[in-house]
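The basis for the numbers below is simple: all heavy atoms, side chains too, and nothing from hydrogens, waters or symmetry mates.
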Amino acid sequence: MTAPFLTPLRRISTPKGDVLHGLKASDPGFAGFGEVYFSQILQGETKGWKRHFKMVLNLVCLTGRIHIVVRDMDQVLCDVQLAPEPADDYQRLTVPPGYFVAFRGVAQGPSMLLNVASIPHDPAEAETVPLEHFLWTR
């Protein structure tokens with residue numbers, strides 16, 4: 001099983017507003033296209049733990065700041081905060097199938113997460129366990 005990984009994303013400054021890259025078919029982590037969805041998360045709220053068995057997740061924070069933790073049954077494999085600003089935090093997190101993911105809103109107000117998923121949503125290909133199942137890392 002491939003491990004989760006981060007990819008720095010390009011931000012191109014233009015006079016009328018920046019262009020923020022997300023995902024190209026030639027990028028590492030692109031595993032086909034199933035659907036795109038957005039998940040809003042409020043400050044202090046946590047969504048998870050969800051594990052997909054087939055879907056590859058490509059997660060990008062569009063607004064606010066989101067703390068994401070990826071783990072297997074035994075250990076945390078990735079603990080990161082994504083945000084569009086500053087530029088160093090503008091990254092895409094690719095999560096292969098088989099890992100648990102949870103995320104928390106850390107910015108004041110709502111934050112928005114984009115997922116470019118490799119397959120369409122199918123509740124039968126994922127499992128969710130209660131937040132209490134694993135300790136949150138920080």
Side-chain angles (χ1 to χ4, degrees):
M1 180 180 338
T2 307
F5 61 93
L6 287 166
T7 303
L9 296 174
R10 286 189 61 206
R11 183 180 192 117
I12 302 166
S13 181
T14 70
K16 294 184 180 182
D18 292 355
V19 174
L20 287 78
H21 280 211
L23 180 67
K24 296 183 288 195
S26 59
D27 284 349
F30 182 77
F33 175 75
E35 71 176 353
V36 170
Y37 69 83
F38 304 89
S39 184
Q40 190 178 61
I41 186 79
L42 300 177
Q43 181 181 19
E45 296 296 331
T46 304
K47 293 183 179 181
W49 294 97
K50 182 174 263 189
R51 174 169 60 175
H52 289 274
F53 302 112
K54 297 178 186 174
M55 182 185 289
V56 175
L57 312 175
N58 280 287
L59 305 173
V60 177
C61 178
L62 301 176
T63 61
R65 177 170 289 277
I66 299 174
H67 180 186
I68 304 173
V69 176
V70 181
R71 62 170 303 131
D72 60 17
M73 291 300 286
D74 301 317
Q75 64 184 338
V76 171
L77 302 169
C78 183
D79 183 335
V80 66
Q81 289 193 22
L82 301 181
E85 295 282 349
D88 288 350
D89 290 343
Y90 186 59
Q91 304 179 77
R92 181 182 63 248
L93 175 61
T94 301
V95 182
Y99 296 103
F100 286 97
V101 178
F103 59 96
R104 176 177 289 168
V106 294
Q108 189 171 19
S111 297
M112 186 72 70
L113 186 71
L114 160 73
N115 181 21
V116 180
S118 62
I119 62 173
H121 175 73
D122 173 4
E125 76 78 38
E127 72 171 317
T128 302
V129 298
L131 283 173
E132 301 77 33
H133 192 81
F134 298 113
L135 292 176
W136 189 257
T137 60
R138 17 175 173 151

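Ring geometry, Trp136 versus Trp49: the interplanar angle falls from 30° to 60°, so the pair is classed tilted.
Side chain of Arg11 to main chain of Pro84: a donor-acceptor pair is present (N/O by atom type, distance under 3.5 Å, no hydrogens or angles). Side chain of Asn58 to backbone of Gly29: a donor-acceptor contact under 3.5 angstrom is found. A side-chain donor-acceptor contact under 3.5 Å links Thr63 to the backbone of Met112. A donor-acceptor pair under 3.5 Å is formed between the side chain of Arg65 and the backbone N or O of Glu85. Under the 3.5 Å distance criterion, the side-chain polar atoms of Glu125 are matched with a main-chain donor or acceptor of Phe53. Put simply, the side chain of Lys24 never gets that close to the backbone of Phe30: no donor and acceptor are under 3.5 Å apart. For the pair Asp89 (side chain) and Leu82 (backbone), a donor-acceptor distance under 3.5 Å is absent. Proximity of a side-chain donor or acceptor of Glu35 to a complementary backbone N or O of His121 within less than 3.5 Å is detected.
Between Gly48 and Leu131, the shortest heavy-atom distance links the atoms O-CD2, 3.3 Å. The minimum heavy-atom distance linking Leu9 with His21 is given by the pair CD1-O, 3.6 Å. Across Ser39 and Lys47, no two heavy atoms sit closer than the pair OG-NZ, 3.0 Å. Minimum heavy-atom separation, Gly64 to Ala83: O-CB, 3.4 Å. Considering every non-hydrogen atom in both Gln43 and Gln108, the closest pair reads OE1-CA, 3.3 Å. Nearest heavy atom pair, residue Ile66 against residue Ser111, reads CG1-CB, 3.6 Å.
Leu114 and Leu93 fall into different hydrophobic clusters, defined by Ile, Leu, Val, Met, Phe, Trp and Tyr side-chain heavy atoms under 4.5 Å apart, directly or through other members. One hydrophobic cluster holds both Phe100 and Val69 under the rule that ILVMFWY side chains link at heavy-atom gaps under 4.5 Å. Leu57 and Tyr90 fall into different hydrophobic clusters, where Ile, Leu, Val, Met, Phe, Trp and Tyr side chains are chained together by heavy-atom contacts under 4.5 Å. Note: the hydrophobic cluster containing Phe103 does not contain Val56 (ILVMFWY, side chain heavy atoms under 4.5 Å, direct or indirect links). Tracing side-chain contacts under 4.5 Å through hydrophobic residues (I, L, V, M, F, W, Y), one reaches Ile41 starting from Val70; they form part of the same cluster.
By the 4.5 Å heavy-atom criterion applied to side chains, Ile68 and Leu59 are counted as neighbours. Taking 4.5 Å as the limit, every side-chain heavy atom of Ile119 sits out of range of all side-chain heavy atoms of His52. The shortest side-chain heavy-atom distance between Lys54 and Pro97 does not fall under the 4.5 Å cut-off. Under the 4.5 Å side-chain criterion, counting only non-hydrogen atoms from C-beta, Val76 is not in contact with Phe134. Looking at heavy atoms from C-beta onward, Met73 lies in side-chain contact with His133 at the 4.5 angstrom threshold.
Rounding to the nearest 0.5 angstrom, the gap separating the OH atom in Tyr99 from the CZ atom in Arg71 is 12.5 Å.
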